[in-house]
Number of protein chains: 2
Amino acid sequence: MSSLKVQIYEQLAELAKMLGSAHRLELIEYVSQGERSVERLAELTGLTVANTSQHLQLLRRGGYVRARRDGKRVLYRLGEGPILELLAALHCYAERNSAEIREIVGDYFGKLDHLEPVTREELLGRLDDGDVTILDVRPEDEFSLGHVPGALNVPLGELEQHLSELPRNHEIVAYCRGPYCILSFEAVAALRARGYRVRRLQDGFPEWKAAGYAIEAS
Amino acid sequence: MSSLKVQIYEQLAELAKMLGSAHRLELIEYVSQGERSVERLAELTGLTVANTSQHLQLLRRGGYVRARRDGKRVLYRLGEGPILELLAALHCYAERNSAEIREIVGDYFGKLDHLEPVTREELLGRLDDGDVTILDVRPEDEFSLGHVPGALNVPLGELEQHLSELPRNHEIVAYCRGPYCILSFEAVAALRARGYRVRRLQDGFPEWKAAGYAIEAS
DNA sequence: TAATCATTCAATTTATATCTTGAATGATTG
DNA sequence: CAATCATTCAAGATATAAATTGAATGATTA
């Protein structure tokens, strides 16, 4: 058979192989939130700096991340192209097919959010009416790198202390890092248990940004 | 951080890792054409039977393929769920981002088919008019397992001997195994060189089938 | 029931990835 | 220009994956 086909498969396999590591997937998630230094990424993932650097360089070869120098640090960001789409396809397949993953997801927060998420379009439309509060439950540093305009930042761990800031008279829409981030699921569960009207936003911030909607930084 | 997230990433990574081998991607392509025995798949890929079996079992654990016994043989077929979508996303990302793959594709058959492929919808619409010939350039055994209704089967290697069966007065639409199969590209190139009016069908047979359109077996 | 065939299993070798360690590089700061 | 800091490189140790071999299994056929 044509060796051309084999060459193409080898390219595809190489790219797939790069996604075949939980640490690298985690790194991709973090850089998709915004630019991060190697040291920060090492902290977030719990890897050594050298090891983090090696993973990042591998990802860079595959185009999944890009790097730029800023002073003495190197900042990594998400690469170009349909990377989030690829990850979403992987996630979608995993969700439908892997009994284990369905079990994990189901056990921990499956029943807590059977309600359909709010689509980005729906949220945008309701923003003008002012009858909705957007809640960003990511850590503060991620929030400050960029967030949905007008969103209120209350990291998940501090939710209890900030209950008074949340409205009881209209709906809250919570979001986090993306479709396979659990922060917003947990926030929804916690707030519902206290009687708030709250739903999740479809996907998370990276997808909001990728869809071309306005963002705000602080 | 939550170990739940880590568990999910490990699941995703495991599934991605399974796609991280050119041989396994090739196996998935072959089983997506229709059921195949281990021996046949070993022949097609050039691997030993034992090795093929091991790869198939790995893919089975990930749900990418399914197996059933038929007499003394075991027949493998494509698994459930959005597998082709996942591969398409990988392919799409690769095409946009990997300079190497773009080069390979460009060098060998890039210029031969800058013309846009015929969409499935367009082809369906034109079928009734009878002014189009559908050409399936896959090997005979794949054709007999299932094909687009009304298609004419001329495997690529036998194209020259069957030129007389092809119409010169209206358009030919060629298809093969999918978006990253080169058979139809080569068929289009060969026929155009002889003055035929020919275009490629969007993607290939597995996608046609997956999209829910009617198929025919013989 | 013995012989045959296709597939799988188990054990080994070979090849690749991953992580760790310590040194080298490149940019900034005193 | 030396000191410092963040990152990368290079080498080796460990772990994991792939391919090979020959034997075991499970179903069919003589």
Side-chain angles (χ1 to χ4, degrees), chain A residues 6-7 9-28 30-31 34-77 79 141, chain B residues 6-7 9-28 30-31 34-77 79 141:
Chain A
V6 171
Q7 273 182 279
Y9 277 128
E10 270 161 10
Q11 287 291 334
L12 293 177
E14 205 180 319
L15 288 171
K17 211 176 285 184
M18 291 174 184
L19 300 180
S21 146
H23 287 146
R24 285 195 290 270
L25 291 176
E26 216 184 337
L27 285 169
I28 293 177
Y30 286 124
V31 300
E35 284 187 324
R36 293 281 162 74
S37 69
V38 178
E39 195 175 31
R40 181 88 185 97
L41 289 167
E43 256 178 58
L44 288 166
T45 54
L47 300 171
T48 65
V49 171
N51 196 8
T52 304
S53 171
Q54 287 178 173
H55 280 301
L56 287 168
Q57 280 170 284
L58 189 66
L59 287 173
R60 187 160 59 165
R61 247 175 285 142
Y64 291 109
V65 302
R66 307 232 152 171
R68 80 180 171 90
R69 208 163 188 127
D70 171 43
K72 50 181 147 187
R73 292 177 313 163
V74 174
L75 298 180
Y76 281 86
R77 64 179 186 284
D141 62 327
Chain B
V6 172
Q7 274 182 278
Y9 278 128
E10 271 162 10
Q11 286 290 335
L12 293 177
E14 205 181 317
L15 288 171
K17 209 176 286 182
M18 290 175 186
L19 299 180
S21 146
H23 287 145
R24 284 194 292 267
L25 291 175
E26 216 185 338
L27 285 169
I28 293 177
Y30 287 124
V31 300
E35 285 188 320
R36 294 282 161 75
S37 69
V38 178
E39 194 175 31
R40 180 87 186 99
L41 289 167
E43 257 178 59
L44 288 166
T45 54
L47 300 172
T48 65
V49 171
N51 196 10
T52 304
S53 171
Q54 286 178 174
H55 281 302
L56 288 169
Q57 279 170 286
L58 188 66
L59 288 173
R60 187 161 59 166
R61 246 176 285 145
Y64 292 109
V65 304
R66 307 231 152 172
R68 80 178 170 92
R69 201 151 199 138
D70 173 43
K72 49 183 151 187
R73 293 178 312 166
V74 173
L75 297 180
Y76 280 86
R77 65 180 185 283
D141 61 330

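Please read all numbers here as calculations on a predicted model, not as lab measurements. Heavy atoms only: backbone and side chains are in, while hydrogens, waters and symmetry mates are out.
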* Asked: Base, backbone or nothing for each nucleotide of nucleotides 15-22 of chain C, written B, S, -, heavy atoms under 4.0 angstrom, 5' to 3'?
  -> --SSBBB-

* Step-by-step side chain to side chain contact (heavy atoms under 4.5 Å, CB included) determination, B:L15 to B:Y64 -> CA-CA 9 Å; B:L15 288 171; B:Y64 292 109; 3.6 Å; yes

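For DNA chain D, the outermost nucleotides in 5' to 3' order that have an atom under 4.0 Å from a heavy atom of chain B are D:dA17 to D:dT28.
Residues B:L19 and B:I28 have side chains in contact (heavy-atom distance under 4.5 Å, counting atoms from C-beta outward). Side-chain atoms of A:R69 and A:V74, non-hydrogen and from C-beta on, do get closer than 4.5 Å to each other.
In this structure B:Q57 satisfies the side chain to side chain donor-acceptor pair (under 3.5 Å) test together with B:S53, sequence neighbours excluded. Considering only residues two or more places apart in sequence or on other chains, A:E35 meets the side chain to side chain donor-acceptor pair (under 3.5 Å) condition with A:R68. Every residue two or more places apart in sequence or in another chain that forms a salt bridge (charged side-chain N to carboxylate O under 4.0 Å, His left out) with A:R36 is listed here: A:E142. Every residue meeting the side chain to side chain donor-acceptor pair (under 3.5 Å) condition with B:R40, not counting sequence neighbours, appears here in chain and number order: B:E43, B:D141.
Atom pair A:L75:CG and C:dA27:P shows a separation of 14 Å (rounding to whole Å applied).
With rounding to the nearest 0.5 angstrom, the CZ atom of A:R60 is 12.0 Å from the CE atom of A:M18.
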